[in-house]
Visitor: 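Structure in structure tokens, see below.
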Amino acid sequence: MQQAIERNVSYQPVIGLEVHVELATQSKMFCGCRNVFGAPPNTLVCPVCLGMPGTLPVINRRAVEFLCKTGMALGCDVAPFSKFDRKNYFYPDMPKNYQISQYDMPLTTGGSVRLASGKRIALNRIHLEEDTGKNIHAGTSMAASEYTLIDYNRAGVPLMEIVSEPHIATPEEAEQYLSALKSVLSYIGVSDVKMHEGSLRCDANISVRPAGTSTLGVKAEVKNMNSFRSVVRALRFEIERQTEALTSGERIIQETRNWDDARGVTYSTRSKEQAHDYRYFPDPDLVPLTLDDATLAQWREELPELPLDKRDRFIAEYGVSEYEAGILTEDRSAAEFFEAVARACGDGKQAANWMLGDVRRSLEKHSLTLATSPVRPAQLAELIRIVAAGQISGKAAKEVCDAVVAEGTDPQAVVAQRGLSQISDTEAVGAMVDDALAANPESVASYKGGKAKALEFLVGQVMKSSRGKANIDIVRELLRERLG
Amino acid sequence: MADVPMDINQVSLLARLPLTEEEAQRFAGQFSRLFEFIADLQRLDVSAVHATAQVIPLHNAFREDEIRPSLDREVALENAPDSEGGYFKTPRILD
Ligand SMILES: [Zn+2]
């Protein structure tokens, strides 16, 4: 560390993330209690998840499936043999005094998370465990509380821990990692990944080292970050804190630090080191897992197309930009909706324009989402088709779009009800153009005298006399024709 | 007690089992013998033996992901030394 004390040394961070994900199973990991967020305290508990003597845990097959599917989606190796261990500790969030977890034989190893930038962050492992109960500290702060209240509804909920290698280079890259991971998990439907409800939680290991060196510095484990934003802020704070400490010749100690979002700082939790002796040993109540090839092949088969693959395909297949494709594929059902529109109307570029433009605006205006709006892909495709065919004007199309999004009415019905049909018949438009020319000889003269702007005045006159229904492109075309 | 590679006081702390000085001495002696047995085992050649965590000849004992009724809260809290507002209540704990 001596050379690190030199002045003018720039430091680079080394970051690894541990992400805990609650799996969206119906029931808990080892018992049949319902797995749902927000129920009244201690209403989803039974002798198994309360750790009563004489009870036996039984593995929820769906939780194993969800973890393996996650592993497969991230290119991990699924272990042919895996087991569960007891992590022993005394803390009342687990009534058994141990948490069932996986120590030395996790379900998957290796794999990586592909970021939107194309960079891959290698994974170390993914293992399965059970979530703990929730402590509520009575009083204004934990230190001031006289007692602790415990809700065991969450105890025993299937929890997957995804551990990255320390290959994340910046706080921003950590955010990209989380967002890519969240997207994959939500695509494959294994979790509802809601950070604010705790179904996605993230701890970070971070150290800094002189730029260009390869030895790892002493790391801090940062906890209690409740949003992507706070992960970025906490990591930035830690980089600064550790860099300052090393620059002024201090030593960094390995410790756990909590993020305080309100104050924007991390602080040492000063946890007793002896408490970290978890004395892991294989859980004698649970027999090992050996997943057969047929089961694994079937799970692999059931995996959907992943977000970044979909993004790349949209770019190639529909000619949308990388930026557009990125937004269109953020959410799986929205991506599927877009694709249905694109296929039905045969114009992916237009479908993207509508989805990211007017449809989005209308949804926001009516406080709707694609899921809650009654709009169907076929309706938007129809709208795009009738605009392309010149049946309605671009302006009328926006009005139709709004009605379709808000009420789910067919575009043709909205056009008929509101009399939005455009007059594209050349003869009818021609007659209106002739009238306008006859009524405005000065404008005709000034156009012929070189004033191009006069044409727009004439266009305006025709639109006015048609009450906006004349096809503006045809109006313009006929005016030019007639004015030579 | 000197050759016991563990701190009996730390173990009793982790296990939340307060020991008297006399008990600590006695258990330390017993643990010491246990470590001798383990030392014996460690002299065996096990290079050809797979690590075994379970002797029951069973794998993959699963249950389907089905919801079963939970306990009534009153029943769940019945044996708790203390409760409040539907919560288990414990003395203040530190994180
Ligand atoms: Zn239960």
Side-chain angles (χ1 to χ4, degrees), chain A residues 25-27 30-35 40-47 49-50 52 58-64 81 83 85 88-92 95 97 105 133 135-138 142-143 145-152 258 269 271 274-275 277 279 281-284 286-291, chain B residues 4-19 24 27 31 34-35 38 41 49-95:
Chain A
T25 51
Q26 295 295 308
S27 63
F30 298 111
C31 64
C33 290
R34 181 187 287 274
N35 170 17
N42 296 306
T43 52
L44 305 174
V45 292
C46 73
C49 57
L50 285 178
M52 301 280 187
V58 188
I59 300 166
N60 183 337
R61 190 174 190 274
R62 180 55 59 87
V64 174
F81 182 96
K83 67 175 172 66
D85 301 279
N88 300 278
Y89 65 96
F90 287 95
Y91 194 67
N97 286 345
M105 299 184 114
N135 300 326
I136 288 111
H137 303 285
M142 195 167 73
S145 65
E146 283 162 25
Y147 52 87
T148 299
L149 299 174
I150 308 165
D151 172 14
Y152 287 119
N258 273 343
T269 57
S271 50
Q274 58 205 9
D277 184 356
R279 296 165 295 145
F281 65 84
D283 192 315
L286 294 163
V287 297
L289 297 173
T290 51
L291 300 165
Chain B
V4 179
M6 67 190 286
D7 178 350
I8 193 79
N9 291 316
Q10 200 208 329
V11 173
S12 77
L13 190 88
L14 287 171
R16 301 284 157 94
L17 291 171
L19 302 178
F27 289 132
F31 276 123
L34 278 174
F35 279 104
I38 293 165
L41 289 172
V49 182
H50 282 293
T52 306
Q54 261 288 357
V55 292
I56 306 167
L58 269 180
H59 285 181
N60 306 329
F62 290 124
R63 45 176 276 272
E64 292 308 312
D65 183 21
E66 281 158 9
I67 298 166
R68 306 293 300 270
S70 294
L71 291 175
D72 282 341
R73 187 158 72 186
E74 295 70 49
V75 178
L77 293 170
E78 211 167 45
N79 291 328
D82 203 358
S83 66
E84 184 180 301
Y87 292 94
F88 289 84
K89 189 174 176 182
T90 70
R92 177 170 80 108
I93 48 163
L94 290 172
D95 240 319

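A, B, ... follow the sequence lines: proteins, then strands. Residue 1 opens every chain.
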Visitor: Between A:L289, A:L44, A:V287, who has the most heavy-atom pairs with chain B when the cutoff is under 4.5 Å?
Guide: A:V287

Visitor: Of the backbone (N, CA, C, O) and the side chain (C-beta and beyond), which part of A:P95 lies under 4.5 Å from a heavy atom of chain B, both, or neither?
Guide: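 No part of it gets close to chain B.
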
Visitor: Would a 4.5 Å heavy-atom cut-off, applied to side chains only, mark A:P288 and A:M105 as touching?
Guide: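 A side-chain contact is absent here, since even the closest heavy-atom pair is not under 4.5 Å.
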
Visitor: Using a distance-only test with no angle check, is there a side-chain donor-acceptor pair under 3.5 angstrom linking B:T90 and B:D82?
Guide: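 Per modelled atom types, B:T90 and B:D82 side chains form no pair under 3.5 Å.
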
Visitor: Given that the side chain runs from C-beta out, which part of A:F81 has a heavy atom under 4.5 Å from chain B: side chain, backbone, both or neither?
Guide: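 The side chain, not the backbone.
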
Visitor: What option among A:K83, A:R34, A:R62, A:Q26 has the most heavy-atom pairs under 4.5 Å with chain B?
Guide: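 Ranked by heavy-atom pairs under 4.5 Å with chain B, first place is A:Q26.
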
Visitor: What distance do B:S12 atom OG and B:D7 atom CG have between them, rounded to the nearest 0.5 Å?
Guide: 8.0 Å

Visitor: Would the number of heavy atoms belonging to other residues, nucleotides or ligands and lying under 6.0 Å from CZ of B:R63 be above 12?
Guide: yes

Visitor: Looking at A:N97, A:L50, A:N35, A:V64, which one has more heavy-atom pairs under 4.5 Å with chain B than the rest?
Guide: A:L50

Visitor: Apply the test side-chain contact (heavy atoms from CB on, under 4.5 Å) to residues B:F27 and B:L17: give CA-CA distance (whole Å), side-chain angles for both, the deciding distance (0.1 Å), then the verdict.
Guide: CA-CA 12 Å; B:F27 289 132; B:L17 291 171; over 6 Å; no

Visitor: Pick from A:P284, A:C31, A:C49: which one has the most heavy-atom pairs with chain B under 4.5 Å?
Guide: A:C31

